[in-house]
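Here the structure is laid out as structure tokens; the discussion comes afterwards.
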Amino acid sequence: MQALNVLTRTDFWRQVQQQGLITPGQMIVIGVSTGVDSMTLLDLVQHAPTALHLHIGVVYVDHQLRAQSATETAFIQDYCAARKLPLHKAVWQHGPLTHGVEAAARDFRYQTFQTALTDWRANTLWLAHHNDDALETLLMKLARSGSVFEQPGLRLVSRRPSYTIIRPLLPYPKSAIRAYAARHQVPHYEDATNQDETIQRNRIRAAVVPVFHDLNERSAAHLLRYTEEMTAAQGLLAERLTQLAATMVTRSAGSVHLDRPAFNALPRGQRSLLLQFVLADTQPLTGRQLAQCLDLAASSQAAGSVNLAAGWQFTMTYQRITITRENQSQVGGIFLPVSLSLLGTVFYPDGHAWHLAPAGPGLAVPAEVVLRHRQPGDVVQLANGQHQLLRRFLINQKVPQSTRDTLVLAAVGEQVWYIPGLYIRQAHQLSGMGQPDTMKSMLTYY
């Protein structure tokens with residue numbers, strides 16, 4: 001679809017028909033917010049060529065997040081009634097909201113869209129996203145993850161299981177939409193929160209989008225081309241990754257297994273793409289988790305693990321990598337209990353990690369170090385060589401009961417090695433665990 005800096009009814013409908021976005025007699029459901037973008041789209045649809053014989057339905061959500069939302073709701077009801085447009089209205093009932101507001105509002109909005117489409121037996125939803133929206137979304141996704149699979153963001157046509165989303169204003173910048181609304185006196189409301197630069201999208205809109213357009217008068221066209229080509233590239237990429245996965249990935253009982261040598265033989269960029277691809281439907285990775293998994297797989301360590309989310313764990317043992325879901329408790333993003341073997345590392349999602357490494361002769365390496373919560377019978381060894389129950393040690397250290405119950409510690413059997421910030425078992429205290437000429441180990445938390 002060609003990008004245009006001027007929005008007219010004639011050009012708009014010519015492009016819509018050239019792209020095959022409409023068929024005569026079709027029912028179009030339009031998501032409307034009373035803002036200038038969606039009201040402009042609604043005006044354009046009302047001025048569709050009569051030969052198309054379109055049927056129009058309007059769906060509107062009152063999110064009850066702004067003082068003027070009741071006024072806007074009354075406006076859209078009157079607007080649709082005066083023009084005999086079917087209106088599906090929903091009011092988002094919610095209590096106090098402190099975080100995740102935008103995502104929760106979006107979920108409710110799309111649930112409403114689905115209901116309206118079902119009620120009207122329609123399968124096409126038109127939304128008023130424009131070229132500037134596409135740029136903002138692309139930059140937000142780039143800042144959030146940098147993943148190829150999150151791009152290109154907004155598309156002209158997006159397929160959903162039971163309906164299709166069309167964004168016919170995607171070729172046009174916001175300036176063209178505002179000019180159209182002024183020229184045709186399209187009634188609309190301005191959302192005061194669009195000026196709030198504590199909101200990430202608004203900061204990008206104010207600081208980046210104008211510069212982007214100033215760099216090149218063809219910037220809107222280039223963004224549209226990028227969207228089209230990235231969509232095509234993702235299809236080709238999926239084919240290649242499917243071929244790669246067939247050579248080194250197996251699945252069993254909900255787990256994913258990779259051949260470590262074959263995986264590491266790929267360039268790092270291909271390893272990153274393959275890992276995201278095979279886990280897309282199982283456990284999507286954050287940028288930090290992805291880097292930890294790639295670094296661990298490529299390291300000289302014989303074993304190690306990375307705790308992901310929702311109980312999933314990336315585990316490496318010699319020549320095999322396994323991603324599986326464990327029935328574990330979670331503290332700070334780490335799922336317990338988990339074993340830590342020599343040359344192994346266990347990562348927290350926030351970047352902290354446990355590591356067990358050889359450090360020369362003089363001290364036996366325990367057969368196994370386990371990261372877990374405290375248990376009855378756990379003991380620590382004091383500086384004088386005497387043992388003390390961990391329970392008594394924590395009381396003496398004045399550790400609150402609530403903290404004691406969530407502590408993560410490293411232990412060998414009932415012998416506690418390490419409690420971050422509270423206790424480290426000194427090397428000389430462990431000398432009785434093995435012969436002088438056996439390998440010494442060092443457990444670190446960083």
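In this text the structure is predicted, and so the values were computed from the model without any measurement.
- Between M27 and W120 there is a side-chain heavy-atom pair separated by less than 4.5 Å.
- Side chains of T34 and Y60 form a contact here, defined as non-hydrogen atoms less than 4.5 Å apart.
- Looking at heavy atoms from C-beta onward, F113 lies in side-chain contact with L127 at the 4.5 angstrom threshold.
- For F75, the ring pair (Phe, Tyr, Trp, His ring centres under 6.0 Å) partners are Y79, Y189, not counting sequence neighbours.
- Residues passing the side chain to side chain donor-acceptor pair (under 3.5 Å) test with D133 are H130, sequence neighbours excluded.
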Next on the checklist: Working note: S158 + R167, criterion side chain to side chain donor-acceptor pair (under 3.5 Å); need CA distance, chi angles, decisive distance, verdict.
Outcome noted: CA-CA 9 Å; S158 300; R167 297 181 175 90; 3.0 Å; yes

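- Listed by first then second residue, pairs satisfying salt bridge (Lys or Arg N to Asp or Glu O under 4.0 Å) with a partner in residues 79-96 number zero, not counting sequence neighbours.
- With 3.5 Å as the limit, one finds a donor-acceptor pair spanning the side chains of S272 and Q276.
- Between R178 and V36 there is a side-chain heavy-atom pair separated by less than 4.5 Å.
- For the pair V148/L273, a side-chain contact is recorded, criterion being any heavy-atom separation below 4.5 Å from C-beta on.
- In this view, R9 and D43, L44, H47, Y180, H184 satisfy the side chain to side chain contact (heavy atoms under 4.5 Å, CB included) rule, not counting sequence neighbours.
- Using a 4.5 Å cut-off on side-chain heavy atoms (C-beta onward), L87 and L85 make no contact.
- Heavy atoms only, all atoms of each residue included: V278 and A245 are closest at CG1-CB, 4.2 Å.
- Taking the side chain to side chain contact (heavy atoms under 4.5 Å, CB included) definition, one finds that N264 meets it with R260, R271, A297, A298, sequence neighbours left out.
- Each salt bridge (Lys or Arg N to Asp or Glu O under 4.0 Å) pair with one or both residues in residues 14-28, not counting sequence neighbours, appears once here: D11-R14.
- Checking R201, H129, R203 one by one against E136, the side-chain hydrogen bond (donor to acceptor under 3.5 Å, both in side chains) holds for a single residue, R201.
- The local environment of CZ in R183 is crowded, with over 12 non-hydrogen atoms from other residues, nucleotides or ligands closer than 6.0 Å.
- Within a 6.0 Å sphere centred on CD of Q185, heavy atoms belonging to other residues, nucleotides or ligands number 12 at most.
- Taking the side chain as every heavy atom from C-beta outward, L294 and R268 approach each other to under 4.5 Å.
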Next on the checklist: Is there a side chain to side chain donor-acceptor pair (under 3.5 Å) between T315 and T322? Walk through the geometry before answering.
Outcome noted: CA-CA 5 Å; T315 302; T322 299; over 6 Å; no

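- For R155 and E229, the salt-bridge test fails: no basic side-chain N is under 4.0 Å from an acidic carboxylate O.
- In summary, the side chains of Q313 and T324 do not present any donor paired with an acceptor at a separation below 3.5 Å, with no hydrogens or angles considered.
- Counting only heavy atoms from C-beta outward, the side chains of H257 and V249 never approach each other to under 4.5 Å.
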